[in-house]
Amino acid sequence: MSRIYTLSRPSRRSSGIDYRGALNDEQYEAVTSPPGPCLVIAGAGSGKTRTLTYRVAWLIDQGLLPSRILLLTFTNKAAREMLERVSSLVPQDLTSLWGGTFHHVGHRILRTHPREAGLEQGFTILDRDDAQEVLTSLYSRLEINAKDKRFPRPSVALEIISYSENTNRAITELCEKEFSFLAEFVEPLIRIQSQYRQRKYEINAVDYDDLLTLPLKILKQNPLLAERYQFQFQAILVDEFQDTNAVQSQFIDYLAAHHRHLMVVGDDAQSIYSWRGARFENILSFPERYPDARIFRIRTNYRSVPEILSLANMSIAANTRQFPKELRAVKPSGNMPVLVPAADPHQQANFVCQRIIELQNEGYNLSEMAVLYRAHSHAIELQLELTKRNIPFVITSGIQFFQQAHVKDLAAHLRIAINPADEIAFLRVASLVPGIGATTAQKLFSTLKTGKSWHLANPPKKSATVWVRLATLISQLRQETSVKLKPAPAAIAQDSTTQVELPPEEMINVILETYYCDVLQLRYDNASQRLEDLRQLRDYSRQFASTSEFLAQLTLLTGVELARPSNAPADADTLRLTTVHQAKGLEWKIVFLIHLADGLFPLARSTQECDSLEEERRLFYVAVTRAQDQLYLTYPIIRLSRGQFSLDPIQRKSRFIEEIPHHLMEQWQIEPPRPDWSNTTAAPHSLNSTTSAIKSPPKQYLEDHCSDPAPNYDEPF
DNA sequence: TATGAACACGTTTTT
DNA sequence: CGTGTTCATA
């Protein structure tokens, strides 16, 4: 085990990093620890990423080849940032380093050995929508829910199945416990699960979960293959370990089985993904699985002022299921966190905008500020207000670029080209032909499945012309040789499955220019906009060697990352709006946390169970620890009823705020709008009155002292 | 197959 | 109240 450092000499290409000077004692210990299992508990803002990146640099400095390092992260962003930072530290080329999300790494293994997993080359990755479609088609085939309206919808069933896969727990067990409301449907759900599995093989496709479970499975079934990877990865590093689920944890353990050189980094207080199977208990059980593990704790917080940290520490202390630890501040004393009650979401948005402008005048950039919230829907009013005031912002939206119809259409064409079994993609593409609907498309597919040429299938008469165009397009994409050909080299000609594949860029070009642009014109009013999107996508595809790589990237990358080029220029000064989940790992000088009303944050559904309430509290903890200098906590007292008239529109402030001692916050009060500025008829809480508040000058708008008792909105009745 | 009317339902969080 | 889904009909 100790041998790995002697593989090559660190002498010539050493980075010359002064590790002692660049790291504090706690970090230094972890970074320079000898090979072997080790657990790093790193609190928020304690330089977790720094520790990991320096560790990678250290390993490389010790002579480890980048190709023999595996760095697992949860988001693409984290992977990219870490690799960039390592790159800037060491002279070596890092392209051979295996760094990426679990899904990417799983995909890479699967793509290398598809046969072992029962897949064909060119297999499709189903995103959530695709998976749901597969289930829907199963439903109609099984005629399960023809009668019973209460039978879980495909989306719900998918959630259970996914949870079952990720936690390694049987549906039966899940329905007994967490999903007791589904107890009566256990039998059919189990059947659906197995049918779903089988169906995915039939259409040569995998879903997100398979990207983890299948690689693990084929490694376990092929010891020789497993050894290859177990030997290859001389060092494995895992970021955000508290968010790993059962499968991921096994995956890591399995890959690390030979060298046992594994560093996992995490913070149980920041575990916020249990809803998709993450268990922060993985941290707790790590020393049990690796009795010789070294444990490091990094508690010094460089990010936030002590006032913010006190609030964070105090809040998380309310959790019972945790490993207590306090963050130590090193920053000098700064501003107190500010609590701001607002009358309603509009006033709240108003306040945020107003304050942002003031801070800008004080010299802060927009890019140094962020607005965080629990759910995307909480940001609507703010978006309106920001737009109205011309404050540029980027929103890490829940809507994925990939989920837009035209992008999915394009992807579907590509999928058919490389995976003829992809029924989901076929149905989508065929239904774009006028005159062909779900049933006809289904029929067409079953004739094509027998190996028949597209040209010989017989669609309805009125669809014939377009169908011929489509058929021609597909054979062009597949390089079917009927049209034009250079004689293929003998070696290739023998194996009919080995086709010389068109690069993705050319495929897209053909699809767009000869066929799909017409479809766009017919179906969408903003066709040119969408065509422009797709042309950009074509340019983006240039960097991928194969279409399957490109498609995988499209499915595994979040919309945010893909949408960047089409958004405002990257160097523009913009405000960031984001959910707390997506904010994890990021930091800003100034953070606004809005909609802190009980029922919204924590969400009403989470307040029933103790576990989920604690997770909400960890989410709150993550949110407040994003702030470096200033933290604003706001909540609206009434909710603008969007239809839910049965619900009480009056809201309490979040229990997470109640839990925090008063003296840890400063309370600001928004001045009610002056009567002579508002419409005479306007009610106190109406839109009109809040609109008038926009015009109020900043200093009158806000009252900066907490000496005035806040109006007591807590007992409205 | 495509359309409109009736009807239910009410928004987590993401690879 | 607005959106998405289902059902009946041309």
Checklist outcome for this item: 5'-most contact on DNA chain B (nearest-nucleotide basis), A:A375 vs A:S431, goes to A:S431
Checklist entry - Honestly, is A:R108 close enough over A:W98, meaning NZ or CZ under 6.0 Å from the six-membered ring centre and within 45° of the axis? => result yes
Checklist entry - Which residues satisfy the ring pair (Phe, Tyr, Trp, His ring centres under 6.0 Å) test with A:F550, sequence neighbours excluded? => result A:F544
Next on the checklist: If you assign A:K462 and A:L619 each to the DNA chain B nucleotide with the nearest heavy atom, which residue ends up on the more 5' nucleotide?
Outcome noted: A:K462
Checklist entry - Roughly how many Å is it from OH in A:Y621 to C1' in B:dT13, rounded to a whole number? => result 20 Å
Next on the checklist: Under the criterion side-chain hydrogen bond (donor to acceptor under 3.5 Å, both in side chains), I'd like the reasoning laid out for A:Y621 against A:N319: C-alpha separation, chi angles, the key distance, then a yes or no.
Outcome noted: CA-CA 11 Å; A:Y621 175 78; A:N319 270 10; over 6 Å; no
Item to check | Euclidean distance, atom CZ of residue A:R128 to atom P of B:dT12 [Å, nearest integer] | outcome: 12 Å
Next on the checklist: I want to check one thing: is the phosphate of B:dT15, taken as OP1 and OP2, less than 4.0 Å away from some side-chain N or O of A:T75?
Outcome noted: no
Checklist entry - Nearest to the side chain of A:T440 - B:dT13, B:dT15, B:dT1? => result B:dT1
Checklist entry - Among the nucleotides B:dT1, B:dT13, B:dT11, which one has an atom lying closest to any side-chain atom of A:S377? => result B:dT11
Next on the checklist: Please give the distance between the C1' atoms of B:dT13 and C:dG2 as a whole number of Å.
Outcome noted: 23 Å
Checklist entry - Rounded to the nearest Å, what distance is computed from the CD1 atom of residue A:I380 to the C1' atom of nucleotide C:dT3? => result 13 Å
Next on the checklist: Side chains of A:Q242 and A:E240 only: does a donor on one sit below 3.5 Å from an acceptor on the other?
Outcome noted: yes
Checklist outcome for this item: Separation of B:dT14 atom P from A:N166 atom CG, nearest Å, is 16 Å
Next on the checklist: Expressed as a whole number of angstroms, how long is the span from A:E240:CD to B:dT15:P?
Outcome noted: 12 Å
Checklist entry - Is the charged tip of A:R415 near the ring of A:F426: under 6.0 Å from the six-membered ring centre and within 45° of its axis? => result no
Checklist entry - Does A:D129 have any salt bridge (Lys or Arg N to Asp or Glu O under 4.0 Å) partners at least two apart in sequence or in another chain, and if so, which? => result none
Checklist outcome for this item: note: A:F74, atom CZ; B:dT14, atom P; distance rounded to Å ~ 14 Å
Checklist entry - Should A:Q582 be listed as having a side-chain N or O under 4.0 Å from OP1 or OP2 of B:dT14? => result yes
Item to check | Phosphate OP1/OP2 of C:dT6: any A:R153 side-chain N/O under 4.0 Å | outcome: yes
Checklist entry - Can you check the A:L211 CG to B:dT14 P distance for me, whole Å? => result 19 Å
Item to check | Distance in angstrom units between A:D243 CG and B:dT13 P, rounded | outcome: 16 Å
Item to check | Nearest listed nucleotide, side chain of A:T439, among B:dT15, B:dT1, B:dT14 | outcome: B:dT1
Checklist outcome for this item: Between the CG atom in A:L110 and the CZ atom in A:F123, the distance rounded to the nearest 0.5 Å is 4.0 Å
Do any N or O atoms of the protein come closer than 3.5 Å to N or O atoms of nucleotides 8-10 of chain C, and which pairs are they?
none

Checklist entry - Any side-chain donor-acceptor pair under 3.5 Å between A:T213 and A:E165? => result no
Item to check | B:dT15 base stacked by A:F102 (centroids within less than 5.5 Å, tilt under 30°) | outcome: no
Checklist entry - When you compare C:dT3 with B:dT14, how far apart are their C1' atoms, in angstrom units rounded to a whole number? => result 23 Å
Checklist entry - Of the nucleotides B:dT13, B:dT15, B:dT11, which one has an atom closest to the side chain of A:W275? => result B:dT13
